[in-house]
Amino acid sequence: MKYVEGAANRDANVNLENIFKSYEGVHAVQDVSLEIEAGSFFSLLGPSGCGKSTTLRIVAGLEMPDSGTVRIGGHDVTNTPPQKRPTAMVFQNYALFPHMSVSENVGYGLAARKVKATQRRERVISALKRVGLAGLLDKSVTELSGGQQQRVALARAMATEPDVLLFDEPLSNLDVELREQTRFELKRMQTDSGVTSIYVTHDQEEALSLSDKMAIMKDGRIVQVGRPRDMYAHPETAFVARFLGGSNIIEHSHAELITEEKARSGEVLAIRPEDIVLRHDGPFEATLLDQQFLGRTSELWLKWKGVSLRVFGNSARITQSEVRFEVVASLWVRDDR
Ligand code: ADP
Ligand code: MG
C-alpha cells in the first residue's frame, strides 16, 4: 500500500524492542522499547544528548543498533538498508541540493528509486501541492526562504510515499512565528495523510501540541510514554515534571506546603509554577527574589524557607518584597534526579 491521497499504509506500526547503541563508551541508547501505532504522530522528547536522534536514525536504518529489533508493519527491518525501508526523513538543516531546482530536489528520491519520469512529475506536483508550493516548481532552492526550504524538504520526503515519516527537529531553524505556523500545517498534513510519523524534538510545546503520544528520554532511556495531556497531568518522575511542566521539585522536609498527604519514601513533591498562587491572605510567606515580565504572564522567583520557587503570576508588577501564597495542586513523583 502506498501513501497517496488518504491512502496511507494502515499497517505501518513501528515497534522497537530492547534497542541498545553505544559509541566508544557512550551509551547513546539503552534498552529502548516502543510501540508506535500505525497512522499516529509520535514524539521523542528530551534534552540535547539524550539519544533521540540516534533512536530515529536506527528506525531509518542510518545507524545499526548493537542489539535489539526494529519492526515496521510487523516486518523485521533491523538488517534492511535505509533505501529499502519504507521510511523517509526530514532533517533540521533541510539537506537540500543547492544546485537543483525545487522539483529536482523533490523528485530526487524518486529518480533514485527508478520511478518513471511521467509518474515522477505527478508525484512531485502532488507533494508540492500538499505543502502549498506548487507554484515554485522551477525555482532554485537557494532563492527560497528558510520556511519554504523546509517545506521542500517535507515534500521530498512525502514524494517517496513512505509508510513512516521521520522528523529530526525539523522546525528548529525557523524563527518563532514561522515555527508555530509550520507546526500547525505539519499537524494538518499528518492528520490528512495518516502517515505514521515519528518526531524528535527538545521543545516540550512542540511535542505536546503535535503528538498523539510521546516518549520522554533521559540518558538514552525512555522514562515515560503517554498522551500529552496525561503526561502533563501525571508526570511519574521529578525529571518529567521538570522537563514538561517546569515544576518546582520540593524535598520531603518541606511537605508542609501541602496539607493532607504524608511524605512518601523515594518520592519528592512536584509543584507546577501555575499551581502556586499569590494571595494576600495566603498561608505561606515568601521573599520575592526576581520577576520577569513575559507579556501575557510574568515569571516570579520566590524564596520560601531556603527553597526557590518558580511561579507564574499575572503580568502586573509586584512592588513589595514579601508576598503570601498558597499551593493549589501538587503531586508526589519518583525522585530520579
Ligand atoms: P539527541 O538527538 O537527543 O541530542 P543523540 O542521539 O544525537 O542525542 O546522541 C546521544 C549521545 O550519543 C550523545 O552523547 C552523543 O554525543 C552520542 N553520539 C551520537 N552520535 C554519535 C557518533 N556518531 N559518534 C559518537 N558519539 C555519538
Ligand atoms: Mg538530535
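In each ligand, atom 1 is the first atom listed, and ligand 1 is the first ligand listed. Below, each value reflects all heavy atoms present in this structure, side chains not excepted, and no hydrogens, waters or symmetry copies.
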(message) Under 6.0 Å from the ring centre and within 45 degrees of the ring axis: does the NZ or CZ of K218 meet both conditions for the six-membered ring of F239?
(response) yes

(request) Please check if any side-chain donor atom of S48 sits under 3.5 Å from a side-chain acceptor atom of H202, or the reverse. (result) no

Provide, line by line, the atom pairs where ligand 1 and the protein bring an N/O atom each to a distance under 3.5 Å; else say none.
residue: ligand 1; atom: 2 (O); partner: S53; partner atom: N; Å: 2.9
residue: ligand 1; atom: 2 (O); partner: S53; partner atom: OG; Å: 2.8
residue: ligand 1; atom: 3 (O); partner: C50; partner atom: N; Å: 3.2
residue: ligand 1; atom: 3 (O); partner: G51; partner atom: N; Å: 3.0
residue: ligand 1; atom: 3 (O); partner: K52; partner atom: N; Å: 3.0
residue: ligand 1; atom: 3 (O); partner: K52; partner atom: NZ; Å: 2.9
residue: ligand 1; atom: 4 (O); partner: G49; partner atom: N; Å: 2.6
residue: ligand 1; atom: 6 (O); partner: T54; partner atom: N; Å: 2.9
residue: ligand 1; atom: 6 (O); partner: T54; partner atom: OG1; Å: 2.5
residue: ligand 1; atom: 8 (O); partner: G51; partner atom: N; Å: 3.2

(request) Answer yes if the side chains of E17 and S33 hold a donor-acceptor pair under 3.5 Å, and no otherwise. (result) no

(message) Between D138 and S101, do the side chains contain a donor N or O and an acceptor N or O under 3.5 Å apart?
(response) no

(message) Can a side-chain donor-acceptor contact be found between Q92 and D168 if the only test is distance below 3.5 angstrom?
(response) no

(message) Side chains of S172 and E169: any donor to acceptor distance under 3.5 Å?
(response) yes

(request) Tally every protein N/O/S atom whose distance to the Mg ion (ligand 2) is less than 2.8 Å; waters are neither shown nor counted. (result) 1

(message) For a quick check under 3.5 Å, do T237 and D336 share a side-chain donor-acceptor pair by atom type?
(response) yes

(request) With sequence neighbours excluded, tell me which residues meet salt bridge (Lys or Arg N to Asp or Glu O under 4.0 Å) with D219. (result) none

(request) Could you list all the ring-ring contact (aromatic ring centres under 6.0 Å, His included) pairs where at least one residue sits in residues 147-178, not counting sequence neighbours? (result) F167-Y199

